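Keep in mind that this is a model prediction, so the values were computed, not measured. Side chains are part of it too, since the values below use all heavy atoms of this structure and drop only hydrogens, waters and symmetry mates. Chain naming here is simple, since letters A, B, ... match the order of the sequence lines and numbering starts at 1 in each.
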Amino acid sequence: MPELPEVETVCRRLRPVVSGKTIQAVDVLDSKIIRGLDAEEWVHHLVGETIMDVERRGKFILFKLTNGYLVSHLRMEGKFFPYETFTEPVKHTHIVITFTDQSTLHYNDVRKFGTMELRTNETIHTTPPLSLLAYEPFDERVTGEALHQRLGRMKSRAIKTALLDQSIFVGLGNIYVDETLFRAGIHPIRKAASLSGEEVERVRVEAVAVLTEAIERGGSTIRSYTNPDGVTGTFQERLYVYGRAGEPCRRCGHEIEKMKLGGRGTHFCPNCQQR
DNA sequence: CGCACTGTTGTCAG
DNA sequence: CCTGACAACAGTGC
């Protein structure tokens, strides 16, 4: 379920629930989720570890362990369900972590795109996947000037495609990139290199604003099937373009359009976002 | 039934 | 290098 605001919301929810707990057992119901190690070795490393903290880097969740980190990415539909006692896993639950106090944490993922892998304290930030990420969007090193320079080298890419590239800008996914470009008044198919410094700064400011507001509202809950983990955001009520094709623009009343760009559904207002 | 679509990203070919 | 297409998977809706 995740872009940066949803992942941040999950981290905030899980942090008080799992911090300080020690792993007693791990059941791997589908090993496809695990990367890098055999399921057996992976489980062996985890058992006995205490979760010291839950952090976020981009769209990754970092479980800080006594030794190293468990790095988790939810991709399209990954979810964590914490339970106070033993609970029968629901459909599409692939990993069950049992703590020494008998509480559990279930990883559920309908499409099985999500991943979990182990990293040491030394290598976590210097090896993929985290080493491939740009700075956090709230980092002061992310300036309009730096972004403008980087985008200026992308001869043929559309601005939307460039912003979805996590090595260029971290945290935006298909919802928030469309919202960012609407707020900045930039058409999604504009060539990244064609944006002026002033336009790039506007994009940066709006991206940070959208991400911040979405975090405050607990993220967006789009395809709203019930989540037992209680993570249901309300930011979907504040969306200007995503999922609003055919509806009137909240700013000018023009009909919101939807097109295909780089294989992704792309929503925009043809009046507010001129080419 | 068939096909398009879905909050992601790693891989591969040109 | 850069870029776009596609795959990984399961479900929903038309």
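The nearest whole Å value for the distance from the CG atom in A:D165 to the P atom in B:dT9 is 10 Å. When the C1' atom of B:dT9 is taken as reference, atom CG of A:L163 falls 16 Å away, rounded to whole Å. Here the C1' atom of nucleotide B:dT9 and the CD1 atom of A:I33 are 14 Å apart, to the nearest Å. For A:K160 and B:dT9, the NZ to P distance is 13 Å, given to the nearest whole Å. Following rounding to the nearest Å, A:K260 (NZ) and B:dT6 (C1') show an atom-to-atom distance of 9 Å. In this structure, A:E77 places its CD atom 12 Å from P of B:dT6, rounding to the nearest Å. Atoms CZ (A:F113) and C1' (B:dC5) sit 12 Å apart, rounded to a whole Å. Between the CZ atom of A:R75 and the P atom of B:dT8 there is a distance of 10 Å, given to the nearest Å.
Listed by residue number, the members of residues 167-193 of chain A with any heavy atom below 4.0 angstrom from DNA chain B are A:G173, A:N174, A:I175. Within residues 207-215 of chain A, no residue has any heavy atom closer than 4.0 Å to DNA chain C.
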Compile the donor-acceptor pairs under 3.5 Å between side chains in residues 161-171 of chain A and protein atoms, sequence neighbours left out, one pair per line.
unit_1: A:D165; atom_1: OD1; unit_2: A:S167; atom_2: N; d: 2.9
unit_1: A:D165; atom_1: OD1; unit_2: A:S167; atom_2: OG; d: 2.8
unit_1: A:D165; atom_1: OD2; unit_2: A:R157; atom_2: NH1; d: 3.1
unit_1: A:Q166; atom_1: OE1; unit_2: A:G171; atom_2: N; d: 2.9
unit_1: A:Q166; atom_1: NE2; unit_2: A:L164; atom_2: O; d: 3.2
unit_1: A:Q166; atom_1: NE2; unit_2: A:L172; atom_2: O; d: 3.1

Could you go through residues 175-183 of chain A and list every donor-acceptor pair under 3.5 Å that involves a side-chain atom there, pairing it with any protein atom two or more places apart or in another chain?
unit_1: A:Y176; atom_1: OH; unit_2: A:E6; atom_2: OE2; d: 2.6
unit_1: A:Y176; atom_1: OH; unit_2: A:S220; atom_2: N; d: 3.4
unit_1: A:Y176; atom_1: OH; unit_2: A:S220; atom_2: OG; d: 2.8
unit_1: A:D178; atom_1: OD1; unit_2: A:K160; atom_2: NZ; d: 2.9
unit_1: A:D178; atom_1: OD2; unit_2: A:H267; atom_2: N; d: 2.9
unit_1: A:D178; atom_1: OD2; unit_2: A:H267; atom_2: ND1; d: 2.8
unit_1: A:E179; atom_1: OE1; unit_2: A:Y240; atom_2: N; d: 2.6
unit_1: A:E179; atom_1: OE2; unit_2: A:Y240; atom_2: N; d: 3.3
unit_1: A:E179; atom_1: OE2; unit_2: A:V241; atom_2: N; d: 2.9
unit_1: A:E179; atom_1: OE2; unit_2: A:Y242; atom_2: N; d: 2.8
unit_1: A:T180; atom_1: OG1; unit_2: A:Y176; atom_2: O; d: 2.7
unit_1: A:R183; atom_1: NH1; unit_2: A:E213; atom_2: OE1; d: 3.3
unit_1: A:R183; atom_1: NH1; unit_2: A:E213; atom_2: OE2; d: 3.2
unit_1: A:R183; atom_1: NH2; unit_2: A:E213; atom_2: OE1; d: 3.0

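A centroid separation of less than 6.0 Å is found between the aromatic rings of A:H187 and A:F268.
With both ends at atom P, the span from C:dA5 to B:dA4 equals 16 Å, rounded to whole Å. Taking atom P on both C:dG11 and B:dT9, the two are 23 Å apart, rounded to the nearest angstrom. For the P atoms, the distance from B:dC3 to C:dC6 is 16 Å, rounded to whole Å.
Counting only heavy atoms from C-beta on, A:E3 has its side chain closest to B:dT8 among B:dT8, B:dT6, B:dG10.
For the pair A:T93 (side chain) and A:P89 (backbone), a donor-acceptor distance under 3.5 Å is absent.
The residues A:E77 and A:K112 are annotated as not salt-bridged, no charged nitrogen and carboxylate oxygen being separated by less than 4.0 angstrom. Ion pair A:R119/A:E117 flagged as a salt bridge, since at least one NZ, NE, NH1 or NH2 atom sits closer than 4.0 Å to an Asp/Glu carboxylate oxygen. Between A:R202 and A:E198, at least one side-chain nitrogen of the basic residue sits less than 4.0 Å from a carboxylate oxygen of the acidic one, meeting the salt-bridge criterion. For A:E55 and A:R15, the salt-bridge test fails: no basic side-chain N is under 4.0 Å from an acidic carboxylate O. The pair A:K32-A:D30 does not count as a salt bridge, with every side-chain nitrogen at least 4.0 angstrom from each carboxylate oxygen.
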Might you work through the ring-ring contact (aromatic ring centres under 6.0 Å, His included) test for A:F63 and A:F80, ending with a clear yes or no?
CA-CA 12 Å; A:F63 293 94; A:F80 280 105; 5.5 Å; yes

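More than 12 heavy atoms of other shown residues, nucleotides or ligands fall within 6.0 angstrom of atom CZ in A:F138.
Interface limits on DNA chain C: the 5'-most and 3'-most nucleotides within less than 4.0 Å of chain A heavy atoms are C:dT3 to C:dG11.
Where pairing requires Watson-Crick or G-U contacts shorter than 3.5 Å, the helical stems of DNA chain C with at least three consecutive pairs are B:2-6 with C:10-14, B:8-14 with C:2-8.
Of the residues near DNA chain B, A:L132 and A:G263, the one whose nearest nucleotide (by heavy atom distance) lies more toward the 5' end is A:G263. Nearest-nucleotide positions on DNA chain B for A:R111 and A:P129 put A:R111 closer to the 5' end.
If you check every strand for non-hydrogen atoms under 4.0 Å, A:R35 touches nothing. Residue-level contact check: A:G114 touches neither bases nor backbone, having no heavy atom under 4.0 Å from any strand.
A cation-pi arrangement is not found for A:R217 relative to A:F235, the charged atom failing to lie both closer than 6.0 Å to the ring centre and inside a 45° cone about the ring normal.
A:Q102 and A:Q24 share a donor-acceptor pair across their side chains, judged by distance under 3.5 Å alone.
A:T115 has its side chain out of reach of A:I34: every pair of non-hydrogen atoms, C-beta onward, lies at least 4.5 Å apart.
Rounded to the nearest 0.5 angstrom, A:C249 SG and A:H254 NE2 are separated by 9.0 Å.
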